[in-house]
Number of protein chains: 2
Amino acid sequence: MKSGRPLRSEMKKTPPLVTAKANNLRLDRQLCFPLYAASRLITRLYQPLLEPLGLTYPQYVVLLILWEDAPCSVSHIGERALLNSNTLTPLLKRMEDLNYIRRTRSVTDERVVEISLSKAGTLLKGRCACIPESLNAAISYSPEKAVALKRSLDELISKLQALPETLARNA
Amino acid sequence: MKSGRPLRSEMKKTPPLVTAKANNLRLDRQLCFPLYAASRLITRLYQPLLEPLGLTYPQYVVLLILWEDAPCSVSHIGERALLNSNTLTPLLKRMEDLNYIRRTRSVTDERVVEISLSKAGTLLKGRCACIPESLNAAISYSPEKAVALKRSLDELISKLQALPETLARNA
DNA sequence: TGCGATTCTATCGCGTGCGATATACGCAGG
DNA sequence: CCTGCGTATATCGCACGCGATAGAATCGCA
């Protein structure tokens, strides 16, 4: 095996322009990777707090939305969580099996499934109230930095959401 | 349904302390959610560029590592990508089926599987060289902001990796 | 040398994510 | 009333992630 650090050796074989491009492919130059890694690490951090409640992290996100907006439609949850029915439908069925939510066809529009909180689901909010500060305490990350990071991410997300769908040009 | 924005109405029913905690559960107060969302949006952005090559985003990450470190062990890839064999083994088998890599048992230590690049896998680096700048161009995100965001994320990641495994206290 | 502990990879099970597609419902125009 | 179109949800298939566990190879130490 090798040590994790990249070496200078390959710079001797390739002309400068190719090398410059190749250097852009270094893992530690990518913005995408820390996003991918941080997201998974954070999910792992939530897990021990959510597991006693029988919840996964995406289910917790859905609950955050429901505590604000319930009752609401599946597509409303999808808009806020950036998830589609192919992910949400089975997830919501599992949450219904857990008895935290109810799924009922809307009377006024039979296409819509209304998601509402059960009593247990409503009460869960109290049991989860300490989770945010537990996590903030666990990672000793200063509130200012956290807010700045969140702002950067929100800006990035809005840019990403505003993109046209197709950019499959090169390759 | 409701509009996406939270309302002030619930603040009238609950005592201040409970309300303060409950407000911490608002989706737009979470740092975790923008991480989760941004990671998925970025993955979607890569997809049209990687799909012509038959690659998924995690496979691309593994290739980034291999272009720097190959040949190397599965666990070395796991350390850099923060993934375990339960994810990597099937992923690497698929990449072998694509003919981008080879998997061979190490001669010196039969426990180790050495991952090396095939000729096609090596050549792929050239075809991917323009991907980073394509994406930077697609999201019009200033280099300074991108660097600052990356630095924040790297700091967060190092804090998350340094955490003790167990914090399953409350709930 | 022998044998328990450790390391490395693989396997299993389950829950996402998501592209593609199907199905059911509502709606507008004829 | 019917028909075609758009919308809301569901289903399918596949590739992750990852906790738990298994199996084989190596290591450490008496």
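Naming convention: chains lettered A, B, ... in sequence-line order (proteins, then strands); numbering from 1 in each chain. All figures in this text were calculated on a predicted structure; none of them were measured in a lab.
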Figure out the CE/C1' separation between B:Met95 and D:dA15, and round it to whole Å.
-> 13 Å
Could you check which of C:dT9, D:dC18, D:dA10 has an atom nearest any side-chain atom of A:Lys93?
-> D:dA10
Is there a donor and acceptor pair closer than 3.5 Å between the side chain of B:Asn84 and the base of D:dG19?
-> no
Of the nucleotides C:dG19, C:dG17, D:dT9, which has the atom closest to the B:Gln47 side chain?
-> C:dG19
Ring pair (Phe, Tyr, Trp, His ring centres under 6.0 Å) with B:Tyr46: which residues, sequence neighbours excluded?
-> B:Tyr57, B:Tyr60
5' precedence on DNA chain C between B:Tyr36 and B:Ser75 (nearest-nucleotide basis) | B:Ser75
Roughly how many Å is it from CG in A:Leu92 to P in D:dA8, rounded to a whole number?
-> 16 Å
Check: C:dT9 base within 3.5 Å donor-acceptor of B:Arg111 side chain | no
Measure the shortest side-chain to side-chain distance between A:Gln59 and A:Thr56 over non-hydrogen atoms and say whether it is less than 4.5 angstrom.
-> yes
Over all atoms of both residues, closest heavy-atom pair of A:Arg40 and B:Ala81 | NH2-O, 2.8 Å
Atom CD1 of A:Ile77 and atom P of C:dG17 are separated, to the nearest Å, by 15 Å
Using heavy atoms to find the nearest nucleotide of DNA chain D for A:Thr89 and B:Leu82 separately, return the residue whose nucleotide is more 5′.
-> A:Thr89
Selected nucleotide, minimal atom distance to A:Asp109 side chain, candidates C:dC18, C:dC25, D:dT9 = C:dC25
Rounded distance (Å) that lies between atom C1' of D:dG17 and atom CG of A:Leu35 = 17 Å
Along DNA chain C (nearest heavy atom to each residue), the more 5'-positioned of A:Arg94 and B:Pro90 | B:Pro90
When rounded to whole Å, the CG to C1' distance for the pair B:Leu50 and D:dA15 reads 14 Å
Partners of B:Tyr100 by ring pair (Phe, Tyr, Trp, His ring centres under 6.0 Å), sequence neighbours excluded?
-> none
What's the closest nucleotide to the B:Arg40 side chain, out of D:dG19, C:dG17, D:dA15?
-> C:dG17
Ranking B:Leu83 and A:Arg105 by the position along DNA chain D of their nearest nucleotide, the one closer to 5' is A:Arg105
Checking only heavy atoms, does the side chain of A:Ser85 share a donor-acceptor pair with the base of D:dA8 at less than 3.5 Å?
-> no
Under 3.5 Å, side chain of B:Thr87 to main-chain N/O of B:Leu83, donor-acceptor pair present?
-> no
Rounding to 0.5 Å, atoms CG (A:Leu63) and CG (B:Leu27) come to a distance of 11.5 Å
Between C:dT21 (C1') and A:Asn86 (CG): distance, integer Å | 11 Å
With a 4.0 Å cut-off on heavy atoms, is B:Leu88 in touch with a base, just the backbone sugar-phosphate, or nothing at all?
-> nothing
Integer-rounded Å distance: D:dC16 P and B:Tyr46 OH | 16 Å
A:Arg44 vs D:dG17: side-chain N/O to OP1/OP2 distance below 4.0 Å = no
Separation of B:Ile101 atom CD1 from C:dT9 atom P, in whole Å?
-> 12 Å
Return the nearest nucleotide to the side chain of A:Glu110; candidates are D:dT9, D:dG19, C:dC25.
-> C:dC25
